[in-house]
Amino acid sequence: MRCNRMEMGIMVPVVDMSGYASPGGRAAIARQVARAAQDIGFFTITGHGVPAALIEDMRAVSKAFFGLPAAQKATAHRRHPDHNRGFFPYGEVALAKSTGHATPPDRKEVFSMGLQRPPEDVDPSNPDAAIHFAPNYWPEGFPRMQEVWARYFDELLALADRLMRVFALALDLPEDFFVKRIDHSPSSLAAVDYFETSHAAQEQQLRAGAHTDYGTLTILLSENKPGGLQVRTRAGEWIDVLTVPDAFVINIGDLMQRWTNDKWLSNLHRVANPPADASGNSRRLSIVFFHNANFDALIECIPSCLDDGTAKYPPILAGEHRLEKFRRANRVS
Ligand SMILES: O=C(O)CCC(=O)C(=O)O
Ligand SMILES: [Fe+2]
(Lines give C-alpha, C1' and ligand atoms only; values in the text may rest on other atoms or scores of the structure.)
(Ligands and ions follow the chains in the order given, each with its own letter.)
Protein backbone atom coordinates (compact mmCIF):
# COMPACT_ATOMS: atom_id res chain seq x y z
CA MET A 1 0.00 0.00 0.00
CA ARG A 2 1.33 3.43 -0.94
CA CYS A 3 0.39 6.73 0.62
CA ASN A 4 2.34 9.58 -0.90
CA ARG A 5 2.08 13.24 -0.18
CA MET A 6 2.25 15.07 -3.49
CA GLU A 7 2.45 18.68 -4.45
CA MET A 8 -1.21 19.06 -5.39
CA GLY A 9 -2.76 16.88 -2.73
CA ILE A 10 -2.54 13.39 -1.36
CA MET A 11 -2.85 10.00 -2.83
CA VAL A 12 -5.21 8.19 -0.52
CA PRO A 13 -4.00 4.61 0.06
CA VAL A 14 -3.85 2.60 -3.17
CA VAL A 15 -5.12 -0.97 -2.89
CA ASP A 16 -4.40 -3.40 -5.71
CA MET A 17 -7.34 -5.81 -6.03
CA SER A 18 -5.79 -8.07 -8.63
CA GLY A 19 -5.26 -10.84 -6.04
CA TYR A 20 -8.99 -10.97 -5.21
CA ALA A 21 -9.60 -14.43 -6.71
CA SER A 22 -7.62 -16.30 -4.04
CA PRO A 23 -8.54 -16.44 -0.33
CA GLY A 24 -5.03 -15.27 0.64
CA GLY A 25 -5.29 -12.38 -1.83
CA ARG A 26 -8.66 -11.32 -0.41
CA ALA A 27 -7.31 -11.42 3.14
CA ALA A 28 -4.38 -9.17 2.15
CA ILE A 29 -6.74 -6.71 0.41
CA ALA A 30 -9.00 -6.72 3.48
CA ARG A 31 -6.14 -5.77 5.80
CA GLN A 32 -5.31 -2.72 3.68
CA VAL A 33 -8.96 -1.72 3.35
CA ALA A 34 -9.51 -1.97 7.12
CA ARG A 35 -6.71 0.48 7.78
CA ALA A 36 -7.87 3.01 5.17
CA ALA A 37 -11.50 2.77 6.27
CA GLN A 38 -10.50 3.66 9.82
CA ASP A 39 -7.93 6.33 9.04
CA ILE A 40 -9.61 8.43 6.34
CA GLY A 41 -12.57 6.53 4.91
CA PHE A 42 -11.13 6.79 1.37
CA PHE A 43 -8.86 4.62 -0.75
CA THR A 44 -8.10 4.04 -4.41
CA ILE A 45 -8.38 0.65 -6.11
CA THR A 46 -6.47 -0.69 -9.07
CA GLY A 47 -6.73 -4.21 -10.53
CA HIS A 48 -10.52 -3.93 -10.10
CA GLY A 49 -11.48 -5.90 -13.21
CA VAL A 50 -13.73 -3.31 -14.90
CA PRO A 51 -12.71 -3.23 -18.60
CA ALA A 52 -10.87 -0.07 -19.65
CA ALA A 53 -12.89 0.07 -22.89
CA LEU A 54 -16.16 0.19 -20.94
CA ILE A 55 -14.80 2.99 -18.74
CA GLU A 56 -13.84 4.89 -21.89
CA ASP A 57 -17.29 4.36 -23.45
CA MET A 58 -18.96 5.49 -20.25
CA ARG A 59 -16.90 8.66 -20.09
CA ALA A 60 -17.53 9.45 -23.75
CA VAL A 61 -21.29 8.88 -23.75
CA SER A 62 -21.74 10.81 -20.50
CA LYS A 63 -19.74 13.72 -21.82
CA ALA A 64 -21.82 13.70 -24.99
CA PHE A 65 -25.02 13.73 -22.91
CA PHE A 66 -24.02 16.90 -21.08
CA GLY A 67 -23.22 18.48 -24.44
CA LEU A 68 -26.78 17.96 -25.72
CA PRO A 69 -29.08 20.99 -26.02
CA ALA A 70 -30.76 21.88 -22.71
CA ALA A 71 -34.21 21.07 -24.13
CA GLN A 72 -33.07 17.55 -25.06
CA LYS A 73 -31.54 16.91 -21.64
CA ALA A 74 -34.79 18.15 -20.10
CA THR A 75 -36.69 15.27 -21.76
CA ALA A 76 -35.09 13.09 -19.06
CA HIS A 77 -35.96 15.38 -16.15
CA ARG A 78 -37.15 13.46 -13.06
CA ARG A 79 -40.92 13.32 -12.87
CA HIS A 80 -41.31 12.88 -9.11
CA PRO A 81 -39.37 14.73 -6.38
CA ASP A 82 -38.45 11.45 -4.62
CA HIS A 83 -37.05 9.75 -7.72
CA ASN A 84 -33.29 9.49 -7.88
CA ARG A 85 -33.53 9.13 -11.65
CA GLY A 86 -32.92 11.17 -14.78
CA PHE A 87 -31.61 14.69 -15.25
CA PHE A 88 -31.07 17.24 -12.48
CA PRO A 89 -30.30 20.64 -14.01
CA TYR A 90 -28.28 23.27 -12.17
CA GLY A 91 -30.27 24.47 -9.16
CA GLU A 92 -31.78 21.18 -8.02
CA VAL A 93 -29.02 19.70 -5.86
CA ALA A 94 -27.20 21.07 -2.82
CA LEU A 95 -25.39 18.20 -1.12
CA ALA A 96 -24.53 20.21 2.02
CA LYS A 97 -28.26 20.35 2.77
CA SER A 98 -28.14 16.61 3.42
CA THR A 99 -26.03 17.44 6.49
CA GLY A 100 -28.37 20.25 7.58
CA HIS A 101 -26.40 23.18 6.12
CA ALA A 102 -28.40 25.50 3.88
CA THR A 103 -26.21 26.53 0.95
CA PRO A 104 -26.83 27.71 -2.61
CA PRO A 105 -27.05 24.90 -5.20
CA ASP A 106 -23.99 22.90 -6.20
CA ARG A 107 -22.37 24.18 -9.41
CA LYS A 108 -23.06 21.10 -11.48
CA GLU A 109 -25.58 19.14 -13.52
CA VAL A 110 -26.35 15.48 -12.77
CA PHE A 111 -27.81 12.51 -14.59
CA SER A 112 -28.75 9.48 -12.52
CA MET A 113 -30.02 5.93 -13.04
CA GLY A 114 -30.96 2.97 -10.87
CA LEU A 115 -31.76 -0.69 -11.50
CA GLN A 116 -33.49 -1.22 -14.83
CA ARG A 117 -36.37 -3.07 -13.14
CA PRO A 118 -37.24 -3.88 -9.51
CA PRO A 119 -35.41 -6.96 -8.19
CA GLU A 120 -37.44 -10.18 -8.39
CA ASP A 121 -37.92 -10.54 -4.63
CA VAL A 122 -39.33 -7.02 -4.28
CA ASP A 123 -43.08 -6.41 -4.57
CA PRO A 124 -43.36 -3.28 -6.76
CA SER A 125 -46.83 -2.55 -5.37
CA ASN A 126 -45.28 -1.99 -1.93
CA PRO A 127 -45.01 1.83 -1.82
CA ASP A 128 -41.93 1.70 0.45
CA ALA A 129 -40.17 -0.33 -2.24
CA ALA A 130 -41.58 1.47 -5.29
CA ILE A 131 -40.02 4.81 -4.37
CA HIS A 132 -36.53 3.26 -4.59
CA PHE A 133 -37.16 1.35 -7.82
CA ALA A 134 -38.86 3.88 -10.09
CA PRO A 135 -38.37 3.43 -13.84
CA ASN A 136 -35.37 5.16 -15.34
CA TYR A 137 -35.77 8.26 -17.50
CA TRP A 138 -33.64 8.58 -20.64
CA PRO A 139 -33.16 11.53 -22.98
CA GLU A 140 -35.04 11.42 -26.25
CA GLY A 141 -32.99 10.93 -29.41
CA PHE A 142 -29.88 9.55 -27.65
CA PRO A 143 -30.36 5.76 -27.45
CA ARG A 144 -26.70 4.83 -27.06
CA MET A 145 -26.61 6.19 -23.53
CA GLN A 146 -28.96 3.61 -22.04
CA GLU A 147 -27.03 0.66 -23.45
CA VAL A 148 -23.61 1.83 -22.17
CA TRP A 149 -24.98 2.90 -18.78
CA ALA A 150 -26.73 -0.44 -18.25
CA ARG A 151 -23.49 -2.34 -18.92
CA TYR A 152 -21.48 -0.06 -16.64
CA PHE A 153 -24.11 -0.31 -13.89
CA ASP A 154 -23.95 -4.12 -13.95
CA GLU A 155 -20.14 -4.14 -13.82
CA LEU A 156 -20.05 -1.70 -10.93
CA LEU A 157 -22.73 -3.55 -8.98
CA ALA A 158 -20.60 -6.70 -9.30
CA LEU A 159 -17.51 -4.77 -8.18
CA ALA A 160 -19.46 -3.43 -5.18
CA ASP A 161 -20.41 -7.02 -4.29
CA ARG A 162 -16.71 -7.95 -4.30
CA LEU A 163 -15.86 -4.94 -2.16
CA MET A 164 -18.61 -5.81 0.34
CA ARG A 165 -17.04 -9.28 0.69
CA VAL A 166 -13.71 -7.59 1.37
CA PHE A 167 -15.44 -5.32 3.91
CA ALA A 168 -16.84 -8.35 5.75
CA LEU A 169 -13.36 -9.89 5.95
CA ALA A 170 -11.90 -6.56 7.07
CA LEU A 171 -14.38 -6.59 9.97
CA ASP A 172 -13.57 -10.22 10.91
CA LEU A 173 -17.04 -11.32 9.78
CA PRO A 174 -17.96 -14.31 7.58
CA GLU A 175 -17.21 -13.30 3.99
CA ASP A 176 -20.90 -13.49 3.01
CA PHE A 177 -22.14 -11.45 5.99
CA PHE A 178 -23.48 -8.60 3.84
CA VAL A 179 -24.84 -10.70 0.96
CA LYS A 180 -28.43 -11.00 2.19
CA ARG A 181 -28.36 -7.36 3.28
CA ILE A 182 -27.47 -6.02 -0.20
CA ASP A 183 -29.16 -8.42 -2.63
CA HIS A 184 -31.97 -6.02 -3.60
CA SER A 185 -30.36 -2.69 -2.92
CA PRO A 186 -31.43 0.64 -4.45
CA SER A 187 -27.92 1.45 -5.64
CA SER A 188 -27.58 4.23 -8.19
CA LEU A 189 -25.21 5.54 -10.80
CA ALA A 190 -24.70 9.24 -11.53
CA ALA A 191 -22.66 11.32 -13.92
CA VAL A 192 -21.81 14.80 -12.73
CA ASP A 193 -20.79 17.67 -15.01
CA TYR A 194 -18.89 20.35 -13.10
CA PHE A 195 -19.26 22.84 -15.93
CA GLU A 196 -17.32 26.04 -16.39
CA THR A 197 -19.22 29.24 -15.76
CA SER A 198 -18.53 32.96 -15.88
CA HIS A 199 -20.84 33.51 -12.90
CA ALA A 200 -18.92 34.07 -9.67
CA ALA A 201 -19.70 31.59 -6.92
CA GLN A 202 -22.13 32.83 -4.28
CA GLU A 203 -21.17 32.76 -0.63
CA GLN A 204 -20.81 29.13 0.53
CA GLN A 205 -21.39 27.84 -2.99
CA LEU A 206 -19.13 25.02 -4.18
CA ARG A 207 -19.10 22.58 -7.05
CA ALA A 208 -20.41 20.12 -4.43
CA GLY A 209 -21.02 21.14 -0.83
CA ALA A 210 -19.55 19.18 2.07
CA HIS A 211 -21.44 15.97 2.72
CA THR A 212 -21.07 12.32 3.54
CA ASP A 213 -22.40 9.61 1.22
CA TYR A 214 -25.57 7.91 2.36
CA GLY A 215 -25.05 4.24 1.53
CA THR A 216 -22.46 1.51 2.07
CA LEU A 217 -19.70 2.57 -0.32
CA THR A 218 -19.16 4.84 -3.31
CA ILE A 219 -17.10 4.06 -6.42
CA LEU A 220 -15.85 7.23 -8.08
CA LEU A 221 -14.32 7.60 -11.52
CA SER A 222 -13.09 11.13 -12.04
CA GLU A 223 -10.19 13.21 -13.31
CA ASN A 224 -7.60 15.54 -11.79
CA LYS A 225 -8.75 19.02 -12.73
CA PRO A 226 -8.61 22.34 -10.90
CA GLY A 227 -11.69 22.37 -8.67
CA GLY A 228 -11.64 18.74 -7.57
CA LEU A 229 -12.46 16.41 -4.73
CA GLN A 230 -11.38 17.27 -1.20
CA VAL A 231 -11.71 15.20 1.96
CA ARG A 232 -11.52 16.31 5.56
CA THR A 233 -8.86 14.63 7.64
CA ARG A 234 -9.44 13.55 11.23
CA ALA A 235 -7.42 16.67 12.16
CA GLY A 236 -10.04 18.85 10.43
CA GLU A 237 -7.90 19.88 7.44
CA TRP A 238 -9.31 19.79 3.85
CA ILE A 239 -6.96 18.03 1.46
CA ASP A 240 -7.18 17.41 -2.29
CA VAL A 241 -7.74 13.80 -3.32
CA LEU A 242 -5.92 12.92 -6.52
CA THR A 243 -7.18 10.23 -8.81
CA VAL A 244 -5.20 7.74 -10.87
CA PRO A 245 -6.31 7.16 -14.50
CA ASP A 246 -8.66 4.16 -14.75
CA ALA A 247 -8.52 3.56 -11.02
CA PHE A 248 -11.51 4.15 -8.78
CA VAL A 249 -11.66 6.17 -5.59
CA ILE A 250 -13.71 4.31 -2.98
CA ASN A 251 -15.24 5.97 0.02
CA ILE A 252 -17.07 4.58 3.01
CA GLY A 253 -20.73 5.61 3.34
CA ASP A 254 -22.93 6.34 6.36
CA LEU A 255 -24.29 2.80 6.65
CA MET A 256 -20.81 1.33 7.16
CA GLN A 257 -20.08 3.96 9.81
CA ARG A 258 -23.30 3.04 11.64
CA TRP A 259 -22.73 -0.70 11.25
CA THR A 260 -19.22 -0.30 12.70
CA ASN A 261 -20.17 2.12 15.50
CA ASP A 262 -17.84 4.84 14.11
CA LYS A 263 -14.87 2.49 13.76
CA TRP A 264 -15.02 3.18 10.02
CA LEU A 265 -15.34 6.71 8.79
CA SER A 266 -18.02 8.03 6.42
CA ASN A 267 -15.95 11.09 5.87
CA LEU A 268 -16.98 14.60 4.91
CA HIS A 269 -15.94 15.50 1.39
CA ARG A 270 -16.70 18.24 -1.12
CA VAL A 271 -15.76 19.44 -4.60
CA ALA A 272 -13.89 22.77 -4.56
CA ASN A 273 -14.39 25.69 -6.95
CA PRO A 274 -11.68 26.05 -9.59
CA PRO A 275 -9.47 29.13 -9.38
CA ALA A 276 -10.47 31.85 -11.88
CA ASP A 277 -7.20 31.46 -13.81
CA ALA A 278 -8.03 27.80 -14.55
CA SER A 279 -10.74 28.85 -16.97
CA GLY A 280 -10.76 26.69 -20.10
CA ASN A 281 -9.21 23.74 -18.28
CA SER A 282 -11.47 23.08 -15.32
CA ARG A 283 -14.57 21.33 -16.66
CA ARG A 284 -14.66 18.04 -14.75
CA LEU A 285 -16.68 14.87 -15.27
CA SER A 286 -17.29 12.47 -12.40
CA ILE A 287 -19.05 9.14 -12.72
CA VAL A 288 -20.21 7.95 -9.35
CA PHE A 289 -21.71 4.62 -8.31
CA PHE A 290 -23.51 4.88 -4.97
CA HIS A 291 -23.87 1.42 -3.51
CA ASN A 292 -26.55 0.94 -0.91
CA ALA A 293 -27.96 -1.76 1.35
CA ASN A 294 -31.41 -3.29 0.83
CA PHE A 295 -34.07 -0.63 1.47
CA ASP A 296 -35.54 -2.93 4.15
CA ALA A 297 -32.19 -3.85 5.79
CA LEU A 298 -32.01 -2.83 9.42
CA ILE A 299 -28.65 -1.21 10.06
CA GLU A 300 -27.53 -1.72 13.63
CA CYS A 301 -24.15 -2.02 15.28
CA ILE A 302 -22.32 -5.22 14.33
CA PRO A 303 -21.70 -7.09 17.63
CA SER A 304 -17.92 -7.28 17.07
CA CYS A 305 -17.83 -3.45 16.84
CA LEU A 306 -19.60 -2.97 20.21
CA ASP A 307 -16.33 -2.32 22.02
CA ASP A 308 -17.59 -0.86 25.28
CA GLY A 309 -21.11 -2.23 24.95
CA THR A 310 -22.78 0.98 23.78
CA ALA A 311 -24.23 1.47 20.31
CA LYS A 312 -23.83 5.08 19.22
CA TYR A 313 -26.74 5.01 16.75
CA PRO A 314 -30.27 3.67 16.99
CA PRO A 315 -31.12 1.01 14.38
CA ILE A 316 -32.32 2.49 11.09
CA LEU A 317 -33.76 1.12 7.87
CA ALA A 318 -31.34 1.74 5.01
CA GLY A 319 -34.17 2.91 2.72
CA GLU A 320 -35.42 5.48 5.20
CA HIS A 321 -31.93 6.88 5.69
CA ARG A 322 -31.41 7.17 1.93
CA LEU A 323 -34.76 8.85 1.34
CA GLU A 324 -34.36 11.35 4.16
CA LYS A 325 -30.93 12.44 2.94
CA PHE A 326 -32.05 12.54 -0.69
CA ARG A 327 -35.08 14.70 0.14
CA ARG A 328 -32.94 17.22 1.99
CA ALA A 329 -30.32 17.55 -0.75
CA ASN A 330 -32.54 17.46 -3.83
CA ARG A 331 -35.36 19.80 -3.00
CA VAL A 332 -36.30 22.05 -5.88
CA SER A 333 -36.08 25.60 -4.60
O1 LIG B 1 -17.11 14.48 -8.06
C2 LIG B 1 -16.52 14.08 -7.07
O3 LIG B 1 -15.29 14.02 -7.00
C4 LIG B 1 -17.28 13.65 -5.84
C5 LIG B 1 -18.78 13.67 -5.97
C6 LIG B 1 -19.49 13.33 -4.71
O7 LIG B 1 -18.92 13.32 -3.64
C8 LIG B 1 -20.92 12.98 -4.74
O9 LIG B 1 -21.58 13.23 -5.78
O10 LIG B 1 -21.41 12.43 -3.74
FE1 LIG C 1 -20.06 12.23 -2.17
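Both ligands and their constituent atoms are indexed starting at 1 by order of listing. Below, all heavy atoms of this structure are taken into account, side chains as well, without hydrogens, waters or symmetry copies.
Remark: Phe43 pairs with no residue by the ring-ring contact (aromatic ring centres under 6.0 Å, His included) rule, at least two apart or across chains.
Close contacts of ligand 1 with His269, meaning ligand atoms under 4.0 Å from a residue heavy atom, involve 7 (O). Residue contact check: Phe290 has heavy atoms under 4.0 Å from atoms 8 (C), 9 (O), 10 (O) of ligand 1. Residue-ligand proximity, Ser286 to ligand 1, at heavy-atom distances under 4.0 Å covers atoms 1 (O), 2 (C), 3 (O). Close approach of ligand 1 to Val271 is summarised as follows: ligand atoms under 4.0 Å from at least one heavy atom of the residue are 1 (O), 2 (C), 3 (O), 4 (C).
Within the 4.0 Å heavy-atom shell around ligand 1 one does not find Arg207. For the ligand labelled ligand 1, residue Arg270 lies outside the 4.0 Å heavy-atom shell. Using 4.0 Å as the threshold, Leu220 has a heavy atom nearer than that to some atom of ligand 1.
Under the side-chain hydrogen bond (donor to acceptor under 3.5 Å, both in side chains) rule, His269 has a single partner from Gln230, Arg232, His211, which is His211. Among Lys108, Arg283, Arg107, Arg59, the one residue that satisfies the salt bridge (Lys or Arg N to Asp or Glu O under 4.0 Å) test with Asp193 is Arg283.
Rounding to the nearest 0.5 angstrom, the gap separating the CG atom in Leu159 from the NE2 atom in His291 is 10.0 Å. We find the NZ-CZ distance between Lys73 and Phe88 to be 14.5 Å, quoted to the nearest 0.5 Å.
With hydrophobic clusters built from ILVMFWY side chains whose heavy atoms lie under 4.5 angstrom apart, Phe65 shares a cluster with Val61.
When heavy-atom distances to ligand 1 are checked against a 4.0 Å cut-off, Val249 has no atom that comes that close, whether in backbone or side chain.
Nearest protein heavy-atom neighbour of atom 3 (O) of ligand 1: Arg284 NH2, 2.8 Å. In terms of protein heavy-atom proximity, atom 8 (C) of ligand 1 is nearest to His211 NE2, 3.6 Å.
An N or O contact shorter than 3.5 Å links Tyr194 to ligand 1 by distance.
No side-chain N or O of Asn292 forms a donor-acceptor pair with one of Ser185 less than 3.5 Å apart. Using modelled atom types, one finds no donor on one side chain facing an acceptor on the other under 3.5 Å when comparing Asp106 with Tyr194.
The pair Arg328-Glu324 meets the salt-bridge criterion, since a charged nitrogen lies less than 4.0 angstrom from a carboxylate oxygen.
Around the Fe ion (ligand 2), the protein atoms of type N, O or S that sit closer than 2.8 Å are His211 NE2, Asp213 OD1, His269 NE2.
Checking side-chain atoms of Glu196 against main-chain N and O of Ser282 turns up a donor-acceptor pair under 3.5 Å. Here the side chain of Arg270 pairs no donor or acceptor atom with the backbone of Ala208 at under 3.5 angstrom.
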